[in-house]
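Right, one structure below, let's go through it.
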There are 2 protein chains.
Amino acid sequence: MASRGSYAKGVAKREEILTTALEVIARNGYRGASVRELADAVGLSQAGLLHYFSSKEELFQEILRKRDEVDSQALEGERERPIDGFFAVIRHNAEVPGLVRLYAQLSTEAGDPDHPAREFFIERYRQFRLRFSDLIRDEQAAGNVPADVDPEQTANLFLAAADGLQTQWMLDPSIDMAESIAYLWQLVVRRS
Amino acid sequence: MASRGSYAKGVAKREEILTTALEVIARNGYRGASVRELADAVGLSQAGLLHYFSSKEELFQEILRKRDEVDSQALEGERERPIDGFFAVIRHNAEVPGLVRLYAQLSTEAGDPDHPAREFFIERYRQFRLRFSDLIRDEQAAGNVPADVDPEQTANLFLAAADGLQTQWMLDPSIDMAESIAYLWQLVVRRS
DNA sequence: GTCTATATCGTGATAGAC
DNA sequence: GTCTATCACGATATAGAC
């Protein structure tokens with residue numbers, strides 16, 4: 001509650017670490033990043049960094065959470081069409097390969113039933129599905145998307161396609177993720 | 001050339017190992033599988049197994065290659081519609097969680113420019129894109145898919161969606177991957 | 001709160017006997 | 001061709017000084 005005392009200070013330091021880590025990974029890339037590597041990058045020893053995050057998995061999970069927080073601002077900015085925010089995020093991803101790799105890696109590992117970040121990703125998909133299907137419903141109400149389009153199925157497909165395109169893009173960066181997603185949108189809005 | 005001698009025998013043993021490994025992983029699942037674990041499963045020592053595959057990555061890559069080989073038969077079987085083979089493979093995936101995890105893991109790690117399996121996956125996507133876009137062109141010629149559908153873009157979206165749905169399914173197995181893919185197909189064939 | 005130093009572990013790979 | 005034994009490594013995590 002108070003902004004004074006060791007607790008609040010610890011939180012602030014955490015935030016500072018996450019922000020720096022985000023920049024470092026985005027810029028310098030991700031090479032199976034170890035805690036040590038990242039600790040160097042943010043100017044702490046490995047032990048020093050793990051003072052703020054109890055485990056490697058928690059650390060990386062929180063980095064991704066922070067990233068979502070930043071991206072959300074882009075997503076919610078005023079645009080001509082609501083879907084444009086989503087396109088913007090995808091387009092931005094191509095500028096931060098390290099983050100794309102970190103996300104792909106951790107979300108895949110979280111498929112293990114015992115992985116500590118599993119809950120984080122389950123909840124993350126739940127939220128994104130909700131947000132996206134709401135967007136589609138809004139656009140249907142506005143007459144921009146055909147009424148026979150299923151908002152939930154479609155939202156799911158967009159999230160899946162975005163993830164899968166990242167895998168392909170990491171293997172071949174000449175692939176245009178945003179263009180593919182835009183094409184999917186075109187399939188959706190097409191009058192039947 | 002000859003079916004006698006140490007060379008041919010080694011190849012046969014490799015095949016046997018791969019077939020067994022495929023069954024074991026499909027049935028028992030995949031837990032960040034180490035070479036040692038898999039060696040136990042196929043009844044060899046770790047060193048014994050690595051006698052046939054020079055490295056861990058090569059081993060797992062070949063397991064996935066063998067899996068594709070098996071799946072291809074399903075894919076090319078006679079069906080009512082060509083796309084049904086693809087659906088069948090997706091539906092089958094839900095029965096082999098260990099293989100899904102192995103595939104997701106390795107294909108993600110292969111995003112690293114230095115990963116030994118990188119070439120394998122690049123070529124794999126190339127082939128699948130080709131096969132799928134051919135399928136769509138055939139269906140367009142047969143009048144089953146609208147002419148204004150872009151075969152390459154659409155093929156890419158199907159592969160991406162299939163991959164991304166696996167990530168979601170590993171986190172929540174109640175998700176119906178085949179249903180989602182079928183819905184995508186419905187979006188595609190819809191007359192505009 | 002941050003460091004140095006270290007414990008502990010599991011890994012892939014290899015040497016060499018049989 | 002397969003084993004046992006071992007190596008060398010790099011990782012996370014922790015203990016304890018400052």
Side-chain angles (χ1 to χ4, degrees), chain A residues 2-21 25 30-64 101-102 105-106 108-110 112 114-118, chain B residues 2-21 24-25 29-64 101-102 105-106 108-110 112 114-118:
Chain A
S3 60
R4 159 186 308 208
S6 59
Y7 178 70
K9 195 167 172 198
V11 169
K13 182 75 178 182
R14 264 177 75 114
E15 290 299 301
E16 183 196 324
I17 291 172
L18 291 178
T19 303
T20 308
I25 295 178
Y30 172 86
R31 271 261 184 291
S34 64
V35 173
R36 209 166 233 113
E37 232 174 329
L38 194 49
D40 288 352
V42 303
L44 280 179
S45 70
Q46 184 244 24
L49 180 50
L50 281 186
H51 174 73
Y52 294 96
F53 304 89
S54 49
S55 75
K56 173 196 176 160
E57 276 85 8
E58 193 207 328
L59 166 60
F60 285 126
Q61 171 186 312
E62 291 308 311
I63 292 177
L64 289 178
R101 282 185 45 67
L102 172 58
Q105 197 82 43
L106 203 64
T108 298
E109 284 164 5
D112 188 312
D114 299 329
H115 197 281
R118 187 176 168 94
Chain B
S3 60
R4 158 187 307 206
S6 59
Y7 178 69
K9 195 166 171 198
V11 169
K13 181 75 177 182
R14 263 177 74 115
E15 289 299 300
E16 184 198 321
I17 291 173
L18 291 177
T19 304
T20 308
V24 168
I25 294 178
Y30 171 85
R31 270 262 184 292
S34 63
V35 173
R36 220 168 224 111
E37 233 174 327
L38 192 51
D40 288 351
V42 302
L44 279 179
S45 70
Q46 184 243 23
L49 181 50
L50 281 188
H51 174 71
Y52 293 97
F53 303 89
S54 50
S55 75
K56 172 197 178 163
E57 277 85 8
E58 193 208 328
L59 166 60
F60 285 126
Q61 172 186 312
E62 291 309 309
I63 292 178
L64 288 178
R101 281 184 47 65
L102 173 58
Q105 197 83 43
L106 204 64
T108 299
E109 284 165 5
D112 188 313
D114 298 330
H115 196 281
R118 186 177 169 94

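Side chains included, hydrogens not; waters and symmetry mates left out as well; all remaining heavy atoms used. Only a predicted model underlies this, so the values are computations on that prediction, with no experimental measurement involved. Order of the sequence lines sets the chain letters (A, B, ...), proteins ahead of strands, with each chain counted from 1.
- Atom NZ of residue B/K13 and atom NE2 of residue B/H51 lie 10.0 Å apart, to the nearest 0.5 angstrom.
- Computed from coordinates, the B/L59 CG to C/dA13 C1' distance equals 14 Å when rounded to whole Å.
- With rounding to whole Å, B/L49 atom CG is found 14 Å from C/dT14 atom P.
- With sequence neighbours excluded, no residue satisfies salt bridge (charged side-chain N to carboxylate O under 4.0 Å, His left out) with B/R118.
- A/E62 is linked by a side chain to side chain contact (heavy atoms under 4.5 Å, CB included) to A/R14, A/L18, A/F53, A/E58, A/R65, counting only residues two or more places apart in sequence or in another chain.
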Determine all donor-acceptor pairs shorter than 3.5 Å in which one atom belongs to a side chain in residues 32-50 of chain A; sequence neighbours excluded.
| from | atom 1 | to | atom 2 | distance (Å) |
| --- | --- | --- | --- | --- |
| A/S34 | OG | A/E37 | N | 3.2 |
| A/E37 | OE1 | A/S34 | N | 3.3 |
| A/S45 | OG | A/G48 | N | 2.9 |

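- With sequence neighbours excluded, the residues that form a side chain to side chain contact (heavy atoms under 4.5 Å, CB included) with B/E109 are A/Q105, B/Q105, B/L106, B/H115.
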Checklist outcome for this item: With B for base contact, S for sugar-phosphate-only contact and - for none (protein heavy atoms under 4.0 Å), nucleotides 4-18 of chain D reads B-B----SBBB----
